[in-house]
Visitor: 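To start, I am sharing the structure in question, which I have written as structure tokens.
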There are 2 protein chains.
Amino acid sequence: MADPISPIQPDWTLYRTFLAVLREGSLSGAARQLALTQPTVGRHIEALEAALQIALFSRSPSGLVPTEAALALRQYAEELDATTAALSRAATRLGEGVRGTVRISVSEMIGVEVLPPMLAQLRAQWPELVLEIMLNNRVEDLLRRDADIAVRGVRPQQDALVAQFIGTINIGLHATPDYLARHGAPQSWDELGRHGLIGFDSETPFIREVQSRIGGLRRERMALRADSDVMQLAATRAGFGVGVCQVGLARRYGLVQVMADQFNWPMDTWLAMHGDLRNHRACRVVFDALVTGLRDYANAA
Amino acid sequence: MADPISPIQPDWTLYRTFLAVLREGSLSGAARQLALTQPTVGRHIEALEAALQIALFSRSPSGLVPTEAALALRQYAEELDATTAALSRAATRLGEGVRGTVRISVSEMIGVEVLPPMLAQLRAQWPELVLEIMLNNRVEDLLRRDADIAVRGVRPQQDALVAQFIGTINIGLHATPDYLARHGAPQSWDELGRHGLIGFDSETPFIREVQSRIGGLRRERMALRADSDVMQLAATRAGFGVGVCQVGLARRYGLVQVMADQFNWPMDTWLAMHGDLRNHRACRVVFDALVTGLRDYANAA
DNA sequence: TGGTTGATATACAAATTTGTATGGCCGATC
DNA sequence: GATCGGCCATACAAATTTGTATATCAACCA
């Protein structure tokens, strides 16, 4: 039935298989993820290569190695994936009342430490609500519909987005009273160097920005390195040493701020949502609840 | 194989069928467009409704009437369509050299009157280049990848876009010398009212903006109404009466401008491209050629 | 070095999807 | 008011897609 001469617009399902193979790195892996079998996945890739008239992978016994072509096309497939997921979510929200799935993208710290009570209250009030949380695995593009609602550190520019300013969340150096009683409270960057400093493992753009303005937070000085903010807070609470965290959370857990005059990082915080979702009752309710809840949190600190 | 209890992520192909049914308004029509048969299309819709647990259409003997749910989900399907098409185009551009398909969105007038020589020259220089032209059928969103390159009347804001200012294209009232010899040249809006005025049929946002600043271009005064700019120009050139068109084109066709002091609409013009395409050789070549060509056109007027 | 693991490729059978043919329904038109 | 055209629904047959089983190869580890 397929015309062998001219390239036909490929079956959209092939794109999903293509993406799975890229993510898993092998036909077998993709087959497991898709609940298909390895031969079918292999045939899908063959079909897609034939349709696009391009080699997408070089086969190897350890898996499939994507060609440059495959890497170039990946972003499109990711977009398709995000859009289909968004469509499914939108479908669950149809009908009367506050119902269906809303996907939220937040930082690990806000997600773990701040959001849960708000989510619990939302769910208690609207039993048909389903919530998905994305702990900032890098992709959090509202325009691409990776999430419906996102907490952002900068003012969203696109006018396709609805945005509300939450407030300024302050970040500082903290330790347990216990730890400070044993080791003393550092008063300067030099003294801090002799403490068990808790910090980042790999440098993110955000960290580089902080470093450029504050210096003295070099990677070599860290006594415990972890990329997870939540892990860092846990270590600080366990009395490992001095760690960076939001002052509101520090207060909640009885941590004491040190060198407040020398290190204070104010983090402007915004809540954003895709403008198309303004009229989805469920999204609207969640958005409004998060604005209120997060403002309370930001103002309390 | 499909779990009958929990809704499964639907086969992506179902979305394509869904979109075709929305566009065609019937199962049979969609089947024709997709090169499938009416029963399969019907089954696809059934399957999608089952997967999403939503009624998408109410069946009727004259076709399918989309439910509100279907209308709400349509935009997502359109996005999928745009993205798959963009993927296919990107695939054709892979490899060495300037090759593959580039899709351009322009106004009808620029497309028909200005672009063709530039396109011809591009094609002559790069025989492997394929060009697609979209005459502004409303959707021309570069972020959604409906097109690769677009001519815009306003400065593109999104920083995901590459944009170049082309120049200012002036629009004025014109007629053939012949016509003016027979009817005289109007000197005022009142006089113009007695002429065979050529203008729009339905009001677009652009027209409303012009009207709000210039008045006197009411729909009732038109002696010939057509939404197509190209049709309007053709009528003006045929000596029907006085019409609105770009002064550069008017000059080319020997038309004479009237009431230049009272009606002159400067139209800022930009060329824009999705930033991701900056490194696609073919897109880059077309973009640069259009910048040069359109600037020549704008400056000549 | 030999066994184990996990990968792709291929042959064949099962299952699913698709197409064909038909019937019935509504509306437009002469 | 009868006919024609276009549409959807359903039954049955054909074709395609998928899964199962197996062979083969490379890498890793004891």
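Just so we're on the same page: letters track the sequence lines, and every chain starts at 1.
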Visitor: If the threshold is 4.0 Å, N to carboxylate O, is there a salt bridge linking A:Arg144 and B:Glu79?
Guide: no

Visitor: Flag the pair B:Asp11 and B:Arg16 as a salt bridge only when some basic side-chain nitrogen lies within less than 4.0 angstrom of an acidic carboxylate oxygen.
Guide: no

Visitor: Please give, in whole Å, the distance from C:dT17 P to B:Leu34 CG?
Guide: 17 Å

Visitor: Would one find a side-chain N or O of B:Ser26 under 4.0 angstrom from OP1 or OP2 of D:dG6?
Guide: no

Visitor: Can you tell me the distance, in whole Å, between the CD atom of B:Glu46 and the P atom of C:dT18?
Guide: 12 Å

Visitor: With no hydrogens and no angle check, just 3.5 Å: does a side-chain donor-acceptor pair link A:Gln9 and B:Ser88?
Guide: yes

Visitor: What's the closest nucleotide to the side chain of B:Pro39 if the choices are D:dG19, C:dT20, C:dT8?
Guide: C:dT20

Visitor: Which of the following nucleotides, C:dT8, D:dT18, C:dG19, is nearest to the side chain of B:Leu36?
Guide: C:dG19

Visitor: Looking only at the side chain of B:Leu27 (C-beta and beyond, no hydrogens), which of the listed nucleotides C:dT20, C:dT8, D:dA9 gets closest?
Guide: D:dA9

Visitor: Considering every strand and a 4.0 Å limit on heavy-atom distances, what is the contact class for A:Gly42: base, sugar-phosphate, or nothing?
Guide: nothing

Visitor: Take the protein atom CD1 of A:Ile45 and the nucleotide atom P of C:dT8, then report the distance between them rounded to whole Å.
Guide: 10 Å

Visitor: Heavy atoms under 4.0 Å, any strand shown: does B:Ser28 hit a base, just sugar-phosphate, or nothing?
Guide: sugar-phosphate

Visitor: Counting only side-chain heavy atoms from C-beta out, which of D:dG19, C:dT8, C:dG19 sits nearest to A:Arg59?
Guide: C:dT8

Visitor: With nearest nucleotides of DNA chain D determined for B:Arg43 and B:Arg32 from heavy-atom distances, which residue corresponds to the more 5′ nucleotide?
Guide: B:Arg32

Visitor: Calculate the interatomic distance between A:Leu48 atom CG and D:dT17 atom P; express it in whole Å.
Guide: 14 Å

Visitor: Report yes or no: do B:Ser105 and B:Asn136 form a side-chain donor-acceptor pair below 3.5 Å?
Guide: yes

Visitor: Taking the minimum atom-to-atom distance to the side chain of A:Thr37, which one of D:dG19, C:dT8, D:dC7 wins?
Guide: D:dG19

Visitor: Given atom CD of B:Gln38 and atom P of C:dA21, what is their separation to the nearest angstrom?
Guide: 14 Å

Visitor: What's the NE2-C1' distance between B:His44 and D:dT17, to the nearest Å?
Guide: 12 Å

Visitor: Are more than 12 heavy atoms, taken from residues, nucleotides or ligands other than A:Glu132, located less than 6.0 Å from that residue's CD atom?
Guide: yes

